[in-house]
Amino acid sequence: MSTTRNRHSCNRLITPQVRRIGGFSMRIAVNDVTPETKRATIIGWVHEIRDLGGLAFLLIRDRTGIIQVTIPKKKISAEVLSVFKEISRESVVRIEGEVKEIEKAPGGRELIPSSIEIISKSESPLPLDVVEKVSAELDTRFDNRFLDVRRPRVSSVFKIRSCILHTVEDSLYKKGFTQITTSKIVGSATEGGTELFPIAYFEKEAFLNQSPQLYKQMMMAAGLEKVLEIGPIFRAEEHNTTKHLNEATSIDVEVSFADHFEVMKLLEDLIVEIYEEVAVSCTAELASLEINNLKIPVAPFPRLTYEEAIGIASGKLAEGANYGDDISTSAERAIGEEIGCHYFIVDWPTSIRPYYAMPYEDRPSVCKAFDLMHPRMELSSGAERVHDYDQLVHQIKEKGLNPDSFSYYLSAFRYGMPPHAGWGLGTERLVATMLGLQNVREAVLFPRDRHRLVP
RNA sequence: GCCCAGGUAGUGUAGCGGCCUAUCAUGUCUGCCUGUCACGCAGACGACUCGGAUUCGAAUUCCGACCUGGGCGCCA
C-alpha cells in the first residue's frame, strides 16, 4: 500500500468538526491541574452532575483522576449554560476555564468554565452505575465491561496487572532471559491430563495449546538457555469455580543448567520483586482498591514436602487425605490456613506429576516437582525436567501416552539437550491473590469460562 | 460433569398463593434550591426470564427450557 494514498485518504476522513475539537494538544490531565494552573483545558467523562439551582457542580474524570467543575449560573455565559443543560452522565466533554484555588473543592482546586463542548454524548440510562451508588453483579459487569472499567477501582486492577507483567519482563530481561512467543495452534496434546479445545485447521484437526511447556523445553535444545513466555493458555475443563478460567495468561519460564531449587529461588525472588514494585509504583491504584499496606512476602518461602502437606491436611480434615492423592480444594485451604503465607510444596509422588518431571535418582517414586502456593490457591507449578531421551520415552509410556505423537518434541532430546528446569505461573491468580479479588475472573478484562464467550 | 441456591423497573433489591394497581434504593424526567462532595426536597416514569400445568385466584406451587451465582470434581 502506498504511503501517499494512505495520507490522502486519511485527510479526507477529517471532518471540519473533528478539526475544531482537535485541540487535544491543549489538554491537561486532570491530576496535573493544580491551584497554580491558571487556565486549563480538560477532556474527560462526566462522572457526576450536582445541580443546586443557582450553582452546579460537574465531576470530570479521566485516566488520572477526578476534578470538580463549578458553574455559578448567574456569572456564566448563556452559551456555556445551554451546553451544560444538555450534558448527560458519562458523556465525553471538553471544558476550558479558569482554575481557582479553593479549599472546599476536592484537591483544593476547581475549574470555572469559559467554554464547554460535548464531544461524545452518552445515552441514558446507563447499563451499570459507574459511580457505584448501586453495585452490579459480575455478570452485568462483564456484559458491559467497558463501562465497568471506567470505575477507578476496576481500572486499578488492570493498571496493577500491567505493572506486574512489565516487572516480570523487565526483571527477567535484565537476568539474560529471551522472551519468546510460541504457537497457540497445535496438532496434538502436550501434556495429557487437561482437555483441549479442538479447532478446524483447513483439512486437519488442531487444538488450542494448553501450555507452552514443550516449546519452551525445545528452546533449551535450541541453546537459548533462559526463556520467558507470557501468553494465553487454553483449558477445556468444565469447571465452574472462582479460580479457574478456560483462557488464562501464563508466565512461563525455562532455564538450562538449573535444577528445581534454582528455579524455585528465581520464582520466589520474582514474586517478592513484583510485590515490591507494585507497592512502590501503584500507590494510587492500591489506594483506590482500599489496600492500605500491601503485605510483601518474604523470601525464602517455606518448603513443605508433599508428605508433610498431606500430613497437615489429614490432621485438619474430617475426610482425611492420603499419600498419592492430588491435593484437594479443602486440603489446599487447610494447609494454607496452617502456613499463612506463600509456600512451596516439593517432592511430589512421580505418579501424580507429568511425564517430564525428573524423579530423584535415589528415590524414583518421588520427583523434583514443586507447586508455589498462596494460602488461597495454587499459583505456579514447576519442576526439574527429564532431559535424557530414553528416560523421557520411558516415562511417556508409563503415563499411558504414545511417544509417536510426541516425535517432534522428542527429537529435541536426541542431539544435545541440556539439563533444565522451569515453571508456569498463572497471571490471573497472582493478581487475584495479591489484590484480594474474590473471583479470578475479575483479573481478566474479557473472561472466558464455561458459559461466557462474549464480549 | 455432579450438587446447592437463584432469575422481579436501566442497575441492586423486598415480596414467596388473595393484603400486589409489586417494596426500597439508585437512575431518568419535571419543578424548587448558590458550596455540593452518595447534595437535599416534591412529583412523575420504569419490572415479575420463557413455555406448559395446578388453582376460583400464581411474582409466589409443580414440570420443562434458557440464563446466573456458589460448592465439589477435574485442573494451573
Side-chain angles (χ1 to χ4, degrees), chain A residues 47-59 66-76 85 88-90 100 102-108 110 112 122-144 147-148 151 191-196 210-213 232-252 319 325-333 345 352-354 369-374 377-383 423-430 432-433 438-441 449-452:
Chain A
H47 194 65
E48 260 190 281
I49 304 167
R50 291 193 199 110
D51 191 344
L52 272 58
L55 185 68
F57 301 101
L58 286 174
L59 297 184
I66 292 174
I67 187 170
Q68 175 168 293
V69 174
T70 301
I71 300 166
K73 292 188 186 171
K74 282 177 185 162
K75 299 177 189 165
I76 224 86
K85 284 178 187 162
S88 57
R89 285 169 65 213
E90 294 305 319
K100 272 177 67 178
I102 183 156
E103 271 200 26
K104 334 183 221 199
E110 63 184 14
I112 312 294
S122 170
E123 292 179 21
S124 75
L126 297 162
L128 66 81
D129 181 14
V130 176
V131 184
E132 291 183 297
K133 284 180 188 173
V134 179
S135 58
E137 290 200 350
L138 263 189
D139 198 46
T140 308
R141 292 175 49 196
F142 290 141
D143 282 342
N144 304 95
L147 271 177
D148 186 43
R151 298 153 66 198
E191 299 180 36
T194 196
E195 293 293 316
L196 299 174
Q210 68 190 92
S211 157
Q213 179 65 27
I233 55 170
F234 304 91
R235 312 262 161 119
E237 299 290 342
E238 299 198 4
H239 31 48
N240 182 214
T241 75
T242 53
K243 61 180 185 181
H244 289 98
L245 295 162
N246 291 293
E247 179 180 6
T249 307
S250 180
I251 299 169
D252 262 276
E319 71 268 25
D325 293 347
D326 228 320
I327 294 187
S328 67
T329 307
S330 53
E332 203 172 87
R333 201 174 301 128
I345 300 176
I352 56 170
R353 299 298 288 208
F370 60 86
D371 278 1
L372 171 66
M373 309 295 296
H374 178 277
M377 66 181 93
E378 179 184 339
L379 296 182
S380 168
S381 68
W423 41 258
L425 170 65
T427 307
E428 289 78 15
R429 289 186 174 188
L430 179 62
T433 51
Q438 287 309 301
N439 192 318
V440 76
R441 284 168 245 207
D449 60 39
R450 178 69 186 82
H451 300 288
R452 180 173 286 278

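Every value quoted in this text rests on a predicted model; they were computed, and no experiment measured them. The chains referred to below are lettered A, B, ... by the order of the sequence lines, with proteins before strands, and numbering in each begins at 1.
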> With the sugar-phosphate defined as primed atoms, P, OP1 and OP2, and the base as all remaining atoms, what B/S/- string results for nucleotides 27-38 of chain B, 5' to 3', for protein heavy atoms under 4.0 Å?
Replying inline: SS----BBBBBB

Has the side chain of [X] got a donor or acceptor atom that lies under 3.5 Å from a matching backbone atom of [Y]?
{"X": "A/S122", "Y": "A/R89", "result": "yes"}
{"X": "A/K73", "Y": "A/G53", "result": "yes"}
{"X": "A/S380", "Y": "A/G424", "result": "yes"}
{"X": "A/R353", "Y": "A/F370", "result": "yes"}
{"X": "A/E428", "Y": "A/T249", "result": "yes"}
{"X": "A/R429", "Y": "A/K243", "result": "yes"}
{"X": "A/D371", "Y": "A/M373", "result": "no"}
{"X": "A/R235", "Y": "A/L245", "result": "no"}

Let's test this: given Watson-Crick or G-U wobble pairing with both distances under 3.5 Å, identify the partner of [N].
{"N": "B/A25", "result": "B/U11"}
{"N": "B/C20", "result": "none"}
{"N": "B/C48", "result": "none"}
{"N": "B/G40", "result": "B/C32"}
{"N": "B/U68", "result": "B/A5"}
{"N": "B/U61", "result": "B/A53"}

> Any idea which heavy atoms bring A/T140 and A/P127 closest together, and the distance?
Replying inline: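 The pair with the smallest heavy-atom distance is CG2-O, 4.0 Å.
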
> Looking only at heavy atoms, what is the nearest atom pair of A/L379 and A/T433, with distance?
Replying inline: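 Looks like CD2-OG1, 3.7 Å.
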
Tell me what [X] touches on the nucleic acid: a base, only sugar-phosphate, or nothing, going by heavy atoms under 4.0 Å.
{"X": "A/I233", "value": "nothing"}
{"X": "A/S328", "value": "sugar-phosphate"}
{"X": "A/N144", "value": "nothing"}
{"X": "A/R441", "value": "sugar-phosphate"}
{"X": "A/T241", "value": "base"}

d([atom1], [X]; [atom2], [N]) in whole Å:
{"X": "A/E238", "N": "B/G71", "atom1": "CD", "atom2": "P", "answer": "18 Å"}
{"X": "A/I327", "N": "B/C74", "atom1": "CD1", "atom2": "P", "answer": "12 Å"}
{"X": "A/R450", "N": "B/G70", "atom1": "CZ", "atom2": "P", "answer": "15 Å"}
{"X": "A/D326", "N": "B/C72", "atom1": "CG", "atom2": "P", "answer": "14 Å"}
{"X": "A/R353", "N": "B/C74", "atom1": "CZ", "atom2": "P", "answer": "15 Å"}
{"X": "A/H239", "N": "B/G73", "atom1": "NE2", "atom2": "C1'", "answer": "11 Å"}
{"X": "A/D143", "N": "B/G10", "atom1": "CG", "atom2": "P", "answer": "14 Å"}
{"X": "A/L196", "N": "B/C75", "atom1": "CG", "atom2": "C1'", "answer": "12 Å"}

> Is there a donor on the side chain of A/H244 or the base of B/C75 sitting less than 3.5 Å from an acceptor on the other?
Replying inline: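 A donor-acceptor contact between them is present.
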
Taking the same atom, [atom1], in [N] and in [M], what whole-Å distance lies between them?
{"N": "B/C41", "M": "B/G57", "atom1": "C1'", "answer": "41 Å"}
{"N": "B/U28", "M": "B/U11", "atom1": "P", "answer": "15 Å"}
{"N": "B/U13", "M": "B/G6", "atom1": "P", "answer": "14 Å"}
{"N": "B/A22", "M": "B/A38", "atom1": "C1'", "answer": "27 Å"}
{"N": "B/A9", "M": "B/C24", "atom1": "P", "answer": "16 Å"}
{"N": "B/G70", "M": "B/C33", "atom1": "C1'", "answer": "47 Å"}
{"N": "B/C20", "M": "B/U30", "atom1": "P", "answer": "32 Å"}
{"N": "B/U23", "M": "B/U8", "atom1": "C1'", "answer": "11 Å"}

OP1 or OP2 of [N] versus the side-chain N and O atoms of [X]: is any pair under 4.0 Å?
{"X": "A/H451", "N": "B/U68", "result": "yes"}
{"X": "A/R333", "N": "B/C72", "result": "yes"}
{"X": "A/N240", "N": "B/C74", "result": "no"}
{"X": "A/R452", "N": "B/C67", "result": "no"}

> Pick one: which of A/D139, A/D449, A/T242 meets side chain to side chain donor-acceptor pair (under 3.5 Å) with A/R441?
Replying inline: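 By the side chain to side chain donor-acceptor pair (under 3.5 Å) criterion, A/R441 pairs with just one of A/D139, A/D449, A/T242: A/D449.
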
>> Walk me through whether A/D51 and A/K85 qualify under salt bridge (charged side-chain N to carboxylate O under 4.0 Å, His left out).
In response: CA-CA 10 Å; A/D51 191 344; A/K85 284 178 187 162; over 6 Å; no

Show the distances under 3.5 angstrom between N or O atoms of the protein and N or O atoms of nucleotides 12-14 of chain B.
unit_1 : atom_1 : unit_2 : atom_2 : d
B/G12  : OP1    : A/E137 : N      : 3.1
B/G12  : OP1    : A/T140 : OG1    : 2.6
B/G12  : O4'    : A/S135 : O      : 3.0
B/U13  : OP1    : A/E137 : OE2    : 3.4

